Amino acid sequence: MNRLMLMKLVVLMLYAGPLVAGLAGHGWRVVPAFVAVFLLWQIIMRPQDWPREPARWREPAQMAGAAARVAILIVIVAVLFGIGRGIGGIAGHLPEMSMALPLALSFLALPLARLIWSPEQEAEMDAFLDEAIDRINAASVEGEDPETAAREISPLLLLPDDTPDGPARAGVEAILSAGSTALRLRALMQALKAAPGHHMAVRRGLVLWAADPLVAEEYFGTALLADAFDAAEGDEPLMTLFAQNALPVIVELPRTWGDFPETARVRTAAAMATDPAAAQALGVLAEALDAAETEAPGPD
């Protein structure tokens with residue numbers, strides 16, 4: 001089980017506390033205790049949102065931001081607790097449960113989350129994206145060569161496999177959309193081909209970026225989606241991700257069918273898939289590609 005899945009389970013523990021307290025029939029006076037736990041979660045997991053210098057707390061923007069975050073936490077806890085009370089009222093409250101048990105369930109999420117996910121890692125990811133953007137802004141498109149392109153995409157290859165999809169896609173977009181996209185994409189594809197089964201975060205990021213209708217339209221004619229398929233090939237969850245995200249592209253923009261992999265390859269991948277979800281998603285995509293090819297205008 002990877003860290004992202006563990007983190008989801010820990011977050012579930014945090015949110016389950018007030019829900020279970022409601023199911024146990026406790027009164028609304030317990031809500032402030034859960035709000036305090038949720039506030040501790042915010043302080044521990046997002047320390048950058050809470051200034052350490054006392055002087056900064058006198059700034060109106062900081063005070064307003066903190067008040068807004070606390071208000072949101074109160075609403076979240078109240079809603080969860082209210083749902084628990086509602087379910088308990090209909091199905092029957094959990095008998096004789098001490099208030100300490102649901103509170104401990106939420107509180108235990110704090111140290112577990114800190115062990116699994118460190119705020120420093122998130123800060124490093126933000127720094128990576130900031131550095132990538134700075135390099136892009138400073139880069140000169142003119143004169144870029146294959147060696148320069150290979151050097152520019154190298155930070156992507158350092159992304160941990162469990163990097164969340166959002167930062168992974170943002171990193172791919174930031175680096176490939178600057179300089180010579182063709183050279184950088186070629187360098188990235190060579191690196192991925194040389195390391196099958198590795199650089200999974202980059203592969204996911206490339207799939208999510210390429211299989212976006214706006215990106216597909218901007219890079220129309222570059223076979224970007226075929227490259228994304230190549231990056232995903234061999235990994236069924238990635239193939240499923242590609243098929244599910246690329247389907248709206250071919251439906252909305254049938255003229256992009258030439259940028260996709262050959263329909264026969266997609267259909268073969270569907271036939272060889274052992275995961276029913278992957279087989280179905282790839283099969284639907286193959287049918288859509290056939291339909292788009294039929295609709296596409298012929299040569300003049």
Side-chain angles (χ1 to χ4, degrees), residues 1-8 116-118 120-136 139 144-212 215-216 219 222-246 259-261 265-266 269 272-275 277-278 281-282:
M1 185 179 295
N2 61 34
R3 285 193 304 156
L4 288 178
M5 183 60 68
L6 288 173
M7 194 64 185
K8 289 178 182 179
I116 295 168
W117 193 267
S118 93
E120 289 79 9
Q121 184 183 47
E122 187 171 348
E124 289 174 4
M125 184 61 62
D126 291 340
F128 160 75
L129 294 177
D130 290 341
E131 180 184 357
I133 291 171
D134 290 341
R135 291 175 65 179
I136 287 164
E144 186 166 67
D145 54 30
E147 290 185 4
T148 302
R151 186 168 60 251
E152 291 298 324
I153 62 98
S154 60
L156 291 175
L157 305 178
L158 300 178
L159 289 178
D161 284 350
D162 57 1
T163 300
D165 289 349
R169 176 193 161 144
V172 169
E173 180 176 12
I175 289 179
L176 292 188
S177 62
S180 172
T181 299
L183 285 176
R184 294 185 182 192
L185 182 60
R186 186 183 308 162
L188 179 60
M189 295 307 298
Q190 289 173 347
L192 295 180
K193 185 177 180 180
H198 297 279
H199 309 306
M200 301 307 293
V202 183
R203 294 175 190 272
R204 291 197 313 275
L206 178 58
V207 165
L208 292 170
W209 178 62
D212 180 308
V215 175
Y219 291 94
T222 64
L224 179 61
L225 287 151
D227 285 329
F229 182 84
D230 290 342
E233 196 167 20
D235 184 279
E236 292 193 0
L238 266 180
M239 298 284 279
T240 306
L241 183 69
F242 173 84
Q244 291 174 341
N245 283 269
D259 288 338
F260 279 78
R265 285 186 63 198
V266 178
M272 296 179 63
T274 58
D275 180 4
L282 289 165

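A quick note: this is a predicted structure, and the numbers were derived from the prediction, not measured. Side chains included, hydrogens not; waters and symmetry mates left out as well; all remaining heavy atoms used.
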Exercise. In Å, rounded to the nearest 0.5 Å, how long is the span from CD of Gln190 to CG of Leu185?
Worked result: 10.0 Å
Exercise. Looking at Asp212, Val207, Leu206, which hits side-chain contact (heavy atoms from CB on, under 4.5 Å) with Arg169?
Worked result: Asp212
For this session: Rounded to the nearest 0.5 Å, what's the gap from CG on Leu208 to CG on Leu241? Could you check?
Result: 5.0 Å
Problem set entry | Sub-4.5 Å side-chain heavy-atom contact between Tyr219 and Leu225 | no
For this session: Return yes if some donor-acceptor pair links the side-chain N/O of Glu236 with the main-chain N/O of Ala278 below 3.5 Å, else return no.
Result: no
Exercise. Going from CG on Leu192 to CE on Met200, what distance comes out if it is rounded to the nearest 0.5 angstrom?
Worked result: 9.5 Å
Problem set entry | N/O donor-acceptor pair under 3.5 Å between Glu173 side chain and Trp209 backbone | no
For this session: Name all residues meeting the side-chain hydrogen bond (donor to acceptor under 3.5 Å, both in side chains) criterion together with Asp235; count only those two or more places apart in sequence or in a different chain, and write none if there are none.
Result: none
Problem set entry | For Ala201 against Pro160, the heavy-atom pair lying closest together | CB-O, 3.2 Å
Exercise. Distance from Glu233 atom CD to Lys193 atom NZ, nearest 0.5 Å?
Worked result: 11.0 Å
Problem set entry | Asp259: salt bridge (Lys or Arg N to Asp or Glu O under 4.0 Å) partners, not counting sequence neighbours | none
For this session: List the atom of Pro261, the atom of Phe229, and the distance in Å for their closest heavy-atom pair.
Result: CG-CG, 3.5 Å
Exercise. Which value, rounded to the nearest 0.5 Å, describes the distance between Ile153 atom CD1 and Met189 atom CE?
Worked result: 11.0 Å
Exercise. Minimum heavy-atom separation for Ala191 to Leu157, with atom names?
Worked result: CB-CD1, 3.8 Å
Exercise. When rounded to the nearest 0.5 angstrom, what distance separates CD1 in Ile175 from CZ in Arg184?
Worked result: 7.5 Å
For this session: Could you tell me which non-hydrogen atom of Ala211 sits nearest to which non-hydrogen atom of Ala246, and how far apart they are?
Result: CB-N, 3.8 Å
Exercise. Would you find a donor on one side and an acceptor on the other, under 3.5 Å apart, between the side chain of Arg204 and the backbone of Thr163?
Worked result: yes
For this session: Could you pull out all residues at least two apart from Asp227 that satisfy salt bridge (Lys or Arg N to Asp or Glu O under 4.0 Å)?
Result: none
